[in-house]
Amino acid sequence: MQSTEGKECYLAFGLQKFRIVWKLLFEHKQNLIFLAGKKLCQQRRFREQPIFSTRAHVFQIDPVTKKNWIPASKHAATVSYFFDATRNVYRIISVGGTKAIINSTITPNMTFTKTSQKFGQWADSRANTVYGLGFASEQNLTQFAEKFQEVREAARLAREKSQDKTDLTNPALNITAQQIVPSPIISANGPDDKLFRSQSAEMELSTERERVKKMLSEGFSLWNLF
């Protein structure tokens with residue numbers, strides 16, 4: 001009888017010990033997951049840093065009429081330039097409430113246009129919209145416009161550097177790109193011609209080059225391009 005009770009006590013103690021060990025392992029695993037997630041968030045946060053900030057009223061062009069401006073925020077919002085050192089990418093970001101009202105990646109083909117003493121705009125083909133900013137003073141508008149030019153030039157240099165590396169890796173891409181004749185620019189004569197100009201020949205050439213890269217990566221022969 002005593003032997004049976006001793007075995008039961010021993011089993012109960014072993015089960016309790018197993019539960020304690022399992023609980024400790026589970027908590028340790030949860031801590032590891034939390035720390036890993038925290039580290040990842042920190043890496044993402046520190047990877048992209050603000051380099052310039054200002055405040056302005058944010059607008060977007062009416063997607064239907066392509067003429068009227070639609071306010072994206074009720075009040076002036078913080079508008080910032082961000083730089084991602086890992087990807088060498090510049091973005092303009094503005095958050096209104098809990099959502100991003102501007103998330104625009106700057107490319108060499110973008111142009112910031114001053115339309116009045118306190119208002120400026122730029123078109124973003126990726127976001128398929130035109131952003132407008134209303135500033136409190138002409139000085140704020142000028143500072144933002146100058147930063148736009150600076151960031152656009154940096155984006156152009158980064159693209160050229162990246163293309164040079166690609167050409168050195170695969171010289172056939174450079175030869176093929178030179179043989180491609182860019183399409184002619186077609187411009188609309190509507191009232192909003194300044195807002196929606198066709199892409200330049202440089203962008204057309206870049207697009208064709210990307211198409212060639214994709215085709216070569218999929219195993220196509222250069223002779224299939226002609």
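Each residue takes its place number in the sequence, starting with 1.
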Find out whether [X] and [Y] are in side-chain contact, i.e. whether some heavy atom of one side chain is under 4.5 Å from a heavy atom of the other.
X	Y	value
T142	K114	yes
T115	Q121	yes
I92	V79	yes
Y90	D84	no

### Query
Where the side chain of R55 meets the backbone of A76, is there a donor-acceptor pair that is under 3.5 Å apart?
yes
### Query
Is the backbone of N128 close enough, under 3.5 Å, to the side chain of S125 for a donor and an acceptor to pair up by distance?
no
### Message
Starting from F119, can I reach L133 by hopping between I/L/V/M/F/W/Y residues whose side chains sit under 4.5 Å apart?
### Response
no
### Task
Tell me whether I102 is reachable from F52 by hopping between hydrophobic residues (I, L, V, M, F, W, Y) whose side-chain heavy atoms are closer than 4.5 Å.
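The answer is yes; both residues are in one hydrophobic cluster.
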### Message
Testing the 3.5 Å rule here: is there a donor-acceptor pair between the side chains of D124 and S104?
### Response
yes
Which pair of heavy atoms, one from [X] and one from [Y], lies closest together, and at what distance?
X	Y	value
Q60	I101	NE2-O, 3.1 Å
M110	T105	CE-O, 3.0 Å
Q117	L141	O-CD2, 3.3 Å
S53	S80	OG-OG, 2.7 Å

[X] [atom1] to [Y] [atom2] distance, which is reported to the nearest 0.5 Å:
X	Y	atom1	atom2	result
I70	D62	CD1	CG	4.0 Å
T54	Q143	OG1	CD	7.0 Å
S137	Q139	OG	CD	5.5 Å

### Task
Decide yes or no on side chain to side chain contact (heavy atoms under 4.5 Å, CB included) for K147 and I51, but give the supporting numbers first.
CA-CA 10 Å; K147 197 65 180 180; I51 56 177; 4.2 Å; yes
#### Entry: is_close_aromatic(F144, F135), centroid dist under 6.0 Å
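They qualify: ring centres under 6.0 Å apart.
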### Query
Between F148 and Y81, what is the ring plane arrangement, given parallel below 30°, perpendicular above 60°, and tilted in between?
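The rings of F148 and Y81 stand perpendicular, inter-plane angle above 60°.
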### Query
With under 30° as parallel and over 60° as perpendicular, where do the rings of W122 and F112 fit, or are they tilted in between?
tilted
#### Entry: Pair W69-Y131, ring-ring contact (aromatic ring centres under 6.0 Å, His included): steps then yes or no
CA-CA 9 Å; W69 290 105; Y131 293 105; 9.3 Å; no
### Lys/Arg N to Asp/Glu carboxylate O, R91 vs E48, below 4.0 Å
yes
#### Entry: Derivation of the side chain to side chain contact (heavy atoms under 4.5 Å, CB included) call for T107 and R159
CA-CA 9 Å; T107 66; R159 173 180 288 185; 4.3 Å; yes
